[in-house]
Enquirer: 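Take a look at the following structure, please.
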2 protein chains.
Amino acid sequence: MVQRKAKQKTKQKGGAEWSHNHDHRLCIVDALDRAADLCAGRGARLTSIRRRVLELIWSSHRPIGAYSLLEVLKQERANAAPPTIYRALEFLLEQGLIHRIESQNAYIGCPNPDPDQQHKGMFLICTDCGNAVELEETKIDRLLRNSASNQGFVIESRTVEAAGLCPECQVS
Amino acid sequence: MVQRKAKQKTKQKGGAEWSHNHDHRLCIVDALDRAADLCAGRGARLTSIRRRVLELIWSSHRPIGAYSLLEVLKQERANAAPPTIYRALEFLLEQGLIHRIESQNAYIGCPNPDPDQQHKGMFLICTDCGNAVELEETKIDRLLRNSASNQGFVIESRTVEAAGLCPECQVS
DNA sequence: ACACAAATGTTATATTATAACAATTATAAA
DNA sequence: TTTATAATTGTTATAATATAACATTTGTGT
Ligand SMILES: [Zn+2]
Ligand SMILES: [Zn+2]
Ligand SMILES: [Zn+2]
Ligand SMILES: [Zn+2]
């Protein structure tokens, strides 16, 4: 287990992400710590490339594209190429550490990776500032499963992405 | 107004789409008729290319990609090129006659285009047969809007796509 | 040290989508 | 009907996203 002290105390409240001025360094540190723990517990190897890509994804709360990541990574690692990024993304997705935003061909860190099973997030995405936050709405999930079930359909995975204006971007 | 006789009588019940053996010619005819009516009512021009692309999209209940459409269209119209397809898709999306399935970069016909406002569908997509059906769940939509609203977020559009097994593909 | 598997490097290519400008066609005013 | 105008389509090129295939290197356990 990686050294971590009083993680609970540093962890921020849910919804803090809409605040454009929160201390984002904590988001990054927490995400990398959780990732290290999860991978260690699973015997999965969070190599330096993978860790760095995860860190780059967490550089903001905005979904980021594969080639944007590549552009940055290339400055530190001259031989980085598309497969470098896509392999890291594949690993991080498998480990449930990031999610793919289908409507943007982009990737975002999962703020609450599940140790047991990987989940697919539900997102609110601001069309103005670009920030996205993950919902934890089991009710919606249940209702969707029920609707499907009424037609005899069994859901295995789902994509829910809502675009609109976050509270900070509604100048009113 | 295009000639249409007793459309109500030919129209199939909701959910018929999961039946792999329904009379799909009726789906196509209805879709093209409705499209013609809607466009006429709006002064929008359903040109032969646009109409043909819509027909090709309706050739099944499976989402179809732009380049698959192009492949077919090229056989009838030698000078068809990517812009030919993408312009038609853009028009059909604007008119609310088709939807884009984000998780597949593919397009599917809307079985119930709204004369007034265009909506974004919610889909159940079978991973086995590939068929997709559109849900009409206002409850889910309302719940999602409420969840967003609790965070001060205002939804403008949304993507809901659930993958799984349709009743016909659950061999059990 | 050795064998093996996993990860990364490298080159090429596939897939999806748009930009830019020219030519044609539909619409309606003169 | 002619003519002006806007909408649509043709055409060529390129951007953006993603994967295939195979070589090389690195990590892990024996
Ligand atoms: Zn943050
Ligand atoms: Zn915002
Ligand atoms: Zn049908
Ligand atoms: Zn099926």
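Letters go in sequence order (proteins before strands), and every chain restarts at 1.
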Enquirer: Using the salt bridge (Lys or Arg N to Asp or Glu O under 4.0 Å) criterion, which residues pair with B/Arg77? Sequence neighbours excluded.
Expert: none
Enquirer: Tell me if the CZ atom of A/Arg145 is crowded by more than 12 foreign heavy atoms within 6.0 Å.
Expert: yes
Enquirer: According to ring-ring contact (aromatic ring centres under 6.0 Å, His included), who are the partners of B/Tyr107, at least two apart in sequence or on a separate chain?
Expert: none
Enquirer: Go through DNA chain D in 5' to 3' direction and return only the first and the last nucleotide with some atom under 4.0 Å of chain A's heavy atoms.
Expert: D/dT17 to D/dG27
Enquirer: Checking B/Glu137 now: which residues fulfil salt bridge (Lys or Arg N to Asp or Glu O under 4.0 Å) with it, not counting sequence neighbours?
Expert: none
Enquirer: Between atom CD1 of B/Ile64 and atom OG of B/Ser59, what is the distance when rounded to the nearest 0.5 Å?
Expert: 5.0 Å
Enquirer: Using the test side chain to side chain donor-acceptor pair (under 3.5 Å), find all partners of A/Ser60 that sit at least two apart in sequence or belong to another chain.
Expert: none
Enquirer: So what is the end-to-end bend of the helix from C/dA1-D/dT30 to C/dA30-D/dT1, with 5 pairs used at each end and the value given to 10 degrees?
Expert: 20°
Enquirer: Using the test side chain to side chain contact (heavy atoms under 4.5 Å, CB included), find all partners of B/Pro167 that sit at least two apart in sequence or belong to another chain.
Expert: B/Trp18
Enquirer: Just to be sure I understand the geometry, which residues of residues 71-102 of chain A put a non-hydrogen atom under 4.0 Å away from DNA chain D?
Expert: A/Pro82, A/Pro83, A/Tyr86, A/Arg87, A/Arg100
Enquirer: Could you note down all residue pairs passing salt bridge (Lys or Arg N to Asp or Glu O under 4.0 Å) where residues 96-121 of chain A supplies at least one of them, sequence neighbours left out?
Expert: A/Arg100-A/Glu102
Enquirer: What residues join A/Val29 in its hydrophobic cluster, counting side-chain heavy atom gaps under 4.5 Å, either direct or through other members?
Expert: none
Enquirer: Give the intermediate values and the outcome of side-chain contact (heavy atoms from CB on, under 4.5 Å) for residues A/Asp23 and A/Leu26.
Expert: CA-CA 6 Å; A/Asp23 185 353; A/Leu26 297 181; 3.9 Å; yes
Enquirer: When every nucleotide of nucleotides 23-28 of chain C is labelled 5' to 3' by its protein contacts under 4.0 Å (heavy atoms), B for base, S for sugar-phosphate only, - for none, what sequence of letters results?
Expert: ---S--
Enquirer: Using atom OH of B/Tyr67 as one end and atom P of C/dT13 as the other, report the distance to the nearest whole Å.
Expert: 18 Å
Enquirer: Quick one: list whatever passes salt bridge (Lys or Arg N to Asp or Glu O under 4.0 Å) with A/Glu55, sequence neighbours left out.
Expert: A/Arg52
Enquirer: Which of parallel (below 30°), tilted (30 to 60°) and perpendicular (above 60°) describes A/His99 and A/His119?
Expert: tilted
